[in-house]
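Right, one structure below, let's go through it.
Below, chains carry the letters A, B, ... as their sequence lines are ordered, and counting in each starts from 1.
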2 protein chains.
Amino acid sequence: MAVTIRDVAKASGVHISTVSRTFSAPHLVNPETRTRVLATAEELGYRPNRAARALITGRTHNIGLIVADIANPFFPPMIKAAETHARRRDYHVFVADTDEDPVVETDLVRALAKQVDGILLCSPRMSDDQIEQVRREVPLVVVNRLIDGLPAVVMDVGTGARSAVRHLLDLGHRHLLYLSGPRGSWTNREIRKAAGAAARAGGAEFTVLGPHVPVSQAGADATGAVLATGATAVLAYNDLMAIGLLQALQDRGVAVPEQISVVGFDDIATSALVRPTLTTVANPTAAAGRAAVDMLLQQGDDGATGQVTLRTDLVIRNSTGPGPYAPAGATTEQVAVYAKE
Amino acid sequence: MAVTIRDVAKASGVHISTVSRTFSAPHLVNPETRTRVLATAEELGYRPNRAARALITGRTHNIGLIVADIANPFFPPMIKAAETHARRRDYHVFVADTDEDPVVETDLVRALAKQVDGILLCSPRMSDDQIEQVRREVPLVVVNRLIDGLPAVVMDVGTGARSAVRHLLDLGHRHLLYLSGPRGSWTNREIRKAAGAAARAGGAEFTVLGPHVPVSQAGADATGAVLATGATAVLAYNDLMAIGLLQALQDRGVAVPEQISVVGFDDIATSALVRPTLTTVANPTAAAGRAAVDMLLQQGDDGATGQVTLRTDLVIRNSTGPGPYAPAGATTEQVAVYAKE
DNA sequence: TAATCTGTTGCAAACGTTTGCCGAATGGAG
DNA sequence: CTCCATTCGGCAAACGTTTGCAACAGATTA
């Protein structure tokens with residue numbers, strides 16, 4: 001029913017191997033023959049069957065992209081960038097969602113393994129051991145997590161956290177609070193460590209609240225606890241939580257940033273849409289997606305397993321303002337630092 | 001290198017066909033033999049090669065999902081639902097992004113055709129003719145567009161638009177404005193027609209502004225034009241535009257809903273996060289994703305090409321309020337109508 | 001003129017499965 | 001004891017490609 005290489009061969013009077021070569025090794029076939037074959041192929045509407053090709057070459061020209069939650073606004077820009085980038089290199093992308101479940105994650109990697117040339121594992125919830133395990137079944141690039149000997153793309157959240165803390169210290173805040181994210185998250189640990197160290201180094205008190213599910217509701221739910229600590233500035237694991245907190249505070253009549261400052265992480269689209277607009281540490285998710293794809297596709301060539309760290313940038317908006325120890329005249333400056341694609 | 005059916009056969013002392021049947025037709029093999037084969041398969045870590053299976057059966061157990069823009073918050077919940085639903089039926093999902101380009105869309109369908117058992121075309125930008133064309137190369141289910149003879153899943157945006165208009169009329173608005181979406185969009189046409197008819201039937205003036213790119217910036221940019229019309233209530237093509245308008249109005253000192261009411265479409269997550277929270281017509285995107293997958297997978301069986309229309313619901317929040325002709329005591333009631341998954 | 005090379009094509013095996021067909025073994029009925 | 005039905009497993013072809021090898025013609029070189 002579908003038109004195959006054989007049909008094209010018959011119609012153009014050559015052997016199937018010639019047709020095959022016309023597509024996969026054009027330089028090996030006479031230009032005249034080639035154009036003739038190409039013409040009949042076009043006419044018949046021939047499209048190479050990738051499954052058959054994959055069977056014999058061992059390369060599927062597919063990659064897998066596994067994320068914890070497609071609907072989490074952090075991921076779509078990354079998925080989009082990765083997919084577009086992959087397609088430009090003639091690769092198709094399987095996208096799968098684990099619903100934050102490490103077991104599903106493992107199964108998914110295994111199920112996809114035979115069908116792809118490699119997998120992008122984004123913000124994995126598996127243990128390091130499990131990852132080491134599945135890595136033997138299929139080439140892997142991990143995003144948002146650093147594991148020895150594994151190719152990875154991470155965002156420099158430590159530096160981002162330090163910038164955020166410094167910003168808050170500069171504004172005169174002396175009691176900072178970190179609204180912690182999910183337990184298994186590498187990013188969460190990094191932020192907490194870096195922010196804690198920077199805060200204490202700056203002579204400020206540092207409180208941690210959590211862990212939390214990384215959704216806006218969790219931020220809203222934490223409002224009472226946040227206020228109870230007496231902190232005047234909050235750094236949240238991600239923008240979603242920050243926004244939840246932001247709105248819940250205002251609903252209670254607590255003014256942001258006058259009474260309390262809030263900083264998020266990620267710079268999702270929504271952060272510029274809420275009022276006050278959210279000060280946040282921008283993560284280059286699109287760049288991460290592209291970098292991960294490149295890394296995966298190069299992996300075949302050499303065995304080199306690089307680890308790439310992408311720069312994060314503090315985007316100062318309107319949710320942060322002077323604190324109780326503000327130097328005279330301290331004020332937030334509007335800085336727009338995000339790079340266009 | 002990878003373990004194949006042959007390795008399992010050798011290791012368990014049976015013919016490869018027996019191993020094959022153990023997996024694809026278990027009832028045809030002796031329970032004893034079966035358990036033995038399964039044991040060695042497990043031990044060797046055998047996983048069936050789907051490409052090989054696809055080659056001979058003609059069924060890939062993959063489906064394609066093509067959307068205009070993964071990063072548009074309207075789509076991720078749909079992608080997520082479709083992927084999860086498909087996986088439960090043992091299908092993997094290719095996701096691809098056309099960047100709103102009809103040409104890319106066509107190429108993508110063609111490129112994916114041989115690799116999938118069918119494609120979900122979400123909010124296509126192609127012409128009806130082009131769709132009819134590619135439909136001959138691969139089974140299709142279209143989401144958010146109605147084409148004669150083509151299986152489709154659409155949201156009942158007409159009814160949604162009428163509810164929204166009625167809500168605004170009840171609140172005493174007599175000049176409504178529709179902030180139009182992109183030109184090629186079927187949904188946009190439906191909303192405009194239904195809203196216009198309902199407004200005029202209610203004795204109200206109805207103005208259309210557009211077309212616009214369906215992003216928040218477009219909503220913000222339209223602010224001046226909106227105010228110039230003198231309309232007291234705005235219905236936007238989608239939430240993103242509504243939110244852009246909402247915030248731009250407030251930034252200009254125009255109070256929402258006191259001076260002007262705003263209604264969106266879709267009910268994306270952000271709509272409940274902005275202040276005032278956005279009154280909007282909720283689209284069952286997740287249900288649509290699931291329905292589309294079901295429809296695609298059933299399509300093989302019979303030739304029946306159903307068309308499913310999903311119910312939309314007006315979610316009244318805080319961006320709508322009494323207009324100039326409000327009956328005494330008119331007020332927005334808080335209604336929560338969205339169905340949990 | 002013979003030998004060698006180059007460019008082009010055909011031949012056939014291989015990739016990892018599925019599946020129609022056939023034969024062997026088993027068990028019950030007559 | 002024979003016959004038939006049933007259950008099980010092996011055989012081999014097929015799916016649509018790629019690719020190493022060989023064949024051939026013509027051109028170049030010695």
So, are Asp101(B) and Arg125(B) salt-bridged, with charged N and O less than 4.0 Å apart? no
Is the closest basic N to carboxylate O distance between Arg87(A) and Asp97(B) below 4.0 Å? no
Quick one: [X] [atom1] to [N] [atom2], roughly how many Å, whole number?
{"X": "His27(B)", "N": "dG9(D)", "atom1": "NE2", "atom2": "C1'", "result": "14 Å"}
{"X": "Leu28(B)", "N": "dC21(C)", "atom1": "CG", "atom2": "P", "result": "14 Å"}
{"X": "Arg6(A)", "N": "dG10(C)", "atom1": "CZ", "atom2": "P", "result": "14 Å"}
{"X": "Arg21(B)", "N": "dG16(C)", "atom1": "CZ", "atom2": "C1'", "result": "16 Å"}
{"X": "Arg53(A)", "N": "dA14(C)", "atom1": "CZ", "atom2": "C1'", "result": "17 Å"}
{"X": "Phe23(A)", "N": "dT17(D)", "atom1": "CZ", "atom2": "C1'", "result": "12 Å"}
{"X": "Arg59(B)", "N": "dT18(C)", "atom1": "CZ", "atom2": "C1'", "result": "14 Å"}

Which part of the nucleic acid, if any, lies within reach of [X] when heavy atoms closer than 4.0 Å are counted: base, sugar-phosphate only, or nothing?
{"X": "Ser17(A)", "answer": "base"}
{"X": "Arg50(B)", "answer": "nothing"}
{"X": "Thr18(A)", "answer": "sugar-phosphate"}

For Val141(B), the option from Ile63(B), Ile119(B), Leu120(B) that meets side chain to side chain contact (heavy atoms under 4.5 Å, CB included): Leu120(B)
Could you label the plane-to-plane angle of the His92(B) and Phe94(A) rings as parallel, tilted or perpendicular, counting under 30° as parallel and over 60° as perpendicular? perpendicular
Options [options], nucleotide nearest the side-chain atoms of [X]:
{"X": "Thr33(B)", "options": "dT17(C), dG9(D), dG16(D)", "answer": "dG9(D)"}
{"X": "Asn30(A)", "options": "dG16(D), dT9(C), dT18(D)", "answer": "dT9(C)"}
{"X": "Val14(B)", "options": "dT17(D), dG9(D), dG10(D)", "answer": "dG10(D)"}
{"X": "Ile16(B)", "options": "dT18(C), dG10(C), dC8(D)", "answer": "dT18(C)"}
{"X": "His15(B)", "options": "dG9(D), dG10(D), dT9(C)", "answer": "dG10(D)"}
{"X": "Ser20(A)", "options": "dG10(C), dG9(D), dT18(D)", "answer": "dT18(D)"}

Classify the side chain of Arg47(A) versus the base of dG16(D) as yes if they form a donor-acceptor pair under 3.5 Å and no if they do not. no
Closest nucleotide of DNA chain C for Val29(A) versus for Leu55(A): which of these residues is on the 5' side? Val29(A)
Taking Thr84(A) for its side chain and Ala81(A) for its backbone only, find out whether a donor-acceptor pair lies under 3.5 Å. no
